[in-house]
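Notes for the one structure printed next.
Quick note on labels: first sequence line is chain A, next is B, and so on, each numbered from 1. Every heavy atom of this structure was used, including side-chain atoms; hydrogens, water molecules and symmetry mates were not.
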Amino acid sequence: MSTTDASLTAAQAAAVDHRDGPLLVLAGPGSGKTRVVTRRLARLVESGVRPRSLLAITFTNKAADEMQRRVAQLMPGARVWVSTFHRFCARLLREHAAMVGLQPNFTILDAGDQRQALRQILRDEDLDPVAFGAEKIGYRISAAKNDLIDADTYRRRYEEQSADHWQAAVVRVYPAYQRWLLASNAVDFDDLLLHTAVLLAENDELRSQLDERYRYIIVDEYQDTNRAQYQIVSALSQIHRNLCVTGDPDQSIYGWRGARIENILRFEGDYPDARVVRLEENFRSTQSIVRSADRLIGHNRKRKAKRLVTDNPEGEPVSLLCFRNEGHEAEGLAQRMQQLADAGRDWSDFAVFMRVNALSRQVERALMRRRIPHQVAAGAAFFDRAEVKDLIAYLRLLENPADRAAFSRIVNTPARNLGETSQRRLLRWANEQGLTPLEAAARAKEVPKLSKRSVAAFRAFAEMMAEFSLADAGAVAALVTRIINRTGYVRQWEGSPNEKDLERLENVKELVTAASEYDEAAGDERSLSGFLEQTALVNETDSLDTSRGQVTLMTLHAAKGLEYPVVFVLGVEQGLIPHERAIRDGSAEELEEERRLLFVGMTRAREQLFLTQTVERVLRGRTLPTIPSPFISELECTPEYVETSAPAPVWSSVPTLAANGDRSARDDHSPRPLLMTGAELLRGGTSQAELPRGFALGSQVRHPRYGVGTVVDIGGFGQRRTVTVTFRDDARTEKFVASQSPLQPVGH
DNA sequence: CAGGCCGTGCTTTTT
DNA sequence: GCACGGCCTG
């Protein structure tokens, strides 16, 4: 969307030209919202507002970077600070940490640490960590924090009478968890918002000082704000009511995370003098895409009526591709992309969206087989890898010696013969003495009941940690390198032929690279806390490469705010979109959110939009017939049953018995009607996986772990078929369920 | 006490 | 298919 000033529509111009007072910009997808916001920022600066009086807040890092980049483009030189909510709050809290009981060097905990901590607390509270999953407890605590309910309030509200035993458990765990956080001088994601909201609510002097400083505030994606964020924003817009919020209720997809769609719906009630601008013209997509998406979203009841129109050409109809199963689906997508690429499309023109990350694997494999370059914006982020987290934990502990999560993570990594018992004794003593874990380690001699060996190991650890400092190393990358060398962290993997170990070494290298990049970007400003904050608040999606000719795979949630010429939305089926969980809960609200999610996905497409569904799909290891998503009948699309050639063997897990069995069942090329129900297709096909040739009694097979062996027995039928194999190397004999084993034929 | 192996249980979405 | 926890062994 490159446009010149003159091309602003009347509505866009109204938003850009608005200066003082509250402003609500309701912006449909592709309506040029970012352009309006950046132009408005530029306009304000031009008219004499100092950039530091502006506060622009987005939801994601990517959106923040994009906005910053575009403002810089409009006005080279002017530095307007665009930040995410979490980053803004982190910065504010570092400045005023003491007011909420923290020190400025507090750690931002990741989800893994949080889970670990909750697990420990559950044990301490004599609650069964199996019956009460740490994750679910954490989810409830998070929900409370997003609704501005702190631990004390929660306890007071529910300790007398809890709605259920989960709530009763949270009554005990939540306050203990907050004590643990405080003792660790740490916060979780939600605390960043909650602490800030509390800080502003309880300290009017600070509140009005900040309110005064930020004369103009812009909040993007306002429909995704939760109560805490709402309160923060309104606390800063009392004196100067120049609050501009933009968003689209139809793209609210974070209700599950505490987002309150009401925040945007009631903006006009909160600010009766608000100017409302509607951006309803879509400049992104073809007529057929816009029409289809508009019809879909029209089925939502709880919304602000808004039309979505475009002057763009009609384009090709939205296409619904139906496949036999997820293997064919993946193969079909890859084939379709290949065709379109042959006709001139660039790989970076394509995006594949799915409801859940788990669906990406098949597509990745299909793309790999065809050597189609691609990237995945997936949950398994770089900073989630164990080896990366370990090294980061060293940095965290250096920055914040109270960081119990970091200490526990690395005190025995690499192994220093410090077992769980010794660690528990040390930590208990540290708590009693009011010491940080690191101080306690240095004084391990005083800890009761520690073995001599453990005392020595703890002290050696403490002494080693004392040797590290950013000042000495000069740069974060140098410090990380020192830590790697001094601890011998990578020694365990060096020289290993194991692919996983190689990958670990790669990741460690990549971390050093990331640190150098930070060092370079931050210059003299570089600090451990700066680097750590970045690693804590940045995710994989933020680093997606848009330029380098690659197909992009991501979840529907991650897709918001992006656009691609050709979009595939995977698995538009009952149970996926809408997700099983939204259906099970049976609430109309959740179903509408699922509809919005599909709406968001569809409206990312500029020229071509493909929705896909399969007849059967493997879910949790079981093959089940699928039901088309009810949303399909609410939109406009042209169905097409696609018969792909069988997916070729995968190179990574090589041909499995299951894959081979599938293929033999599928090789008949009988014509199929355009649309079939799952049942029809199942009836027509051979659902029983036959044992393929090459796995007869006495044939040679290879197992990735056990090596080559001989089939000595065969039993069972169909999916339950088993093979018993005696392996050559250690003469062990193993029985496998054929359709689920990673065995592959040798020879033949 | 550490490491490896095996079985179980689960799987939405993310700052 | 996966990761994690638990169990067992060395």
The criterion is side chain to side chain donor-acceptor pair (under 3.5 Å); which residues satisfy it with [X], sequence neighbours excluded?
X: A:T555; value: none
X: A:Q223; value: A:E221
X: A:S454; value: A:S422, A:S451

Problem set entry | Qualifying salt bridge (charged side-chain N to carboxylate O under 4.0 Å, His left out) pairs, either residue in residues 114-124 of chain A, two or more places apart | A:R115-A:E135
Starting at [atom1] of [X] and ending at [atom2] of [N], how long is that distance when rounded to a whole Å?
X: A:E593; N: B:dT14; atom1: CD; atom2: P; value: 13 Å
X: A:N146; N: B:dT15; atom1: CG; atom2: C1'; value: 10 Å
X: A:L556; N: B:dT14; atom1: CG; atom2: C1'; value: 14 Å
X: A:R365; N: C:dG1; atom1: CZ; atom2: C1'; value: 9 Å
X: A:Q251; N: B:dT14; atom1: CD; atom2: C1'; value: 17 Å
X: A:F353; N: B:dT13; atom1: CZ; atom2: C1'; value: 14 Å
X: A:I253; N: B:dT13; atom1: CD1; atom2: P; value: 13 Å

Exercise. NA contact type, A:R361, heavy-atom cut-off 4.0 Å: base, sugar-phosphate, or nothing?
Worked result: sugar-phosphate
Exercise. Going by number, which of residues 568-581 of chain A have a non-hydrogen atom under 4.0 Å from DNA chain B?
Worked result: A:H579, A:R581
Can you give me the N/O atom pairs linking the protein to nucleotides 3-5 of chain C at distances under 3.5 Å, or say none if there are none?
from  : atom 1 : to     : atom 2 : distance (Å)
C:dG5 : OP1    : A:R119 : NH1    : 3.2
C:dG5 : OP1    : A:R119 : NH2    : 3.2

Exercise. Atom CZ of A:R87 and atom CD1 of A:I57: how far apart are they, to the nearest 0.5 Å?
Worked result: 13.0 Å
Exercise. Which class fits the ring pair A:Y222 and A:Y230: parallel under 30°, tilted 30 to 60°, perpendicular over 60°?
Worked result: tilted
Check this for me: does any side-chain nitrogen of one of [X] and [Y] sit under 4.0 Å from a carboxylate oxygen of the other?
X: A:E593; Y: A:R596; value: yes
X: A:E331; Y: A:R369; value: yes
X: A:K302; Y: A:E262; value: yes
X: A:E420; Y: A:R424; value: yes

Does [X] have any ring-ring contact (aromatic ring centres under 6.0 Å, His included) partners at least two apart in sequence or in another chain, and if so, which?
X: A:H557; result: A:Y254, A:W256
X: A:W81; result: none
X: A:F599; result: none
X: A:F88; result: A:Y214

Exercise. Would you say A:F59 stacks on B:dT15, if stacking means ring centres under 5.5 Å apart and planes within less than 30 degrees?
Worked result: no
Exercise. When you check the phosphate oxygens OP1 and OP2 of B:dT13, does a side-chain N or O of A:N357 lie under 4.0 Å from one of them?
Worked result: yes
Seminar exercise, completed: Sorted by position of nearest nucleotide on DNA chain B, 5' first, the leading residue of A:A582 and A:R87 is A:A582
For this session: Could you say whether A:D190 or A:E590 is positioned toward the 5' end of DNA chain B, judged by the nucleotide with the nearest heavy atom to each?
Result: A:E590
Exercise. In terms of side-chain heavy atoms of A:T555, which of B:dT13, C:dG1, B:dT15 is nearest?
Worked result: B:dT13
Interface polar pairs with nucleotides 1-3 of chain B, N/O, under 3.5 angstrom:
from  : atom 1 : to     : atom 2 : distance (Å)
B:dC1 : OP1    : A:S422 : OG     : 2.7
B:dC1 : OP2    : A:T421 : OG1    : 3.1
B:dA2 : OP1    : A:N412 : ND2    : 3.3
B:dA2 : OP1    : A:N417 : N      : 3.4
B:dA2 : OP1    : A:L418 : N      : 2.7

Under 3.5 Å, N/O pairs linking protein and nucleotides 8-10 of chain C:
none

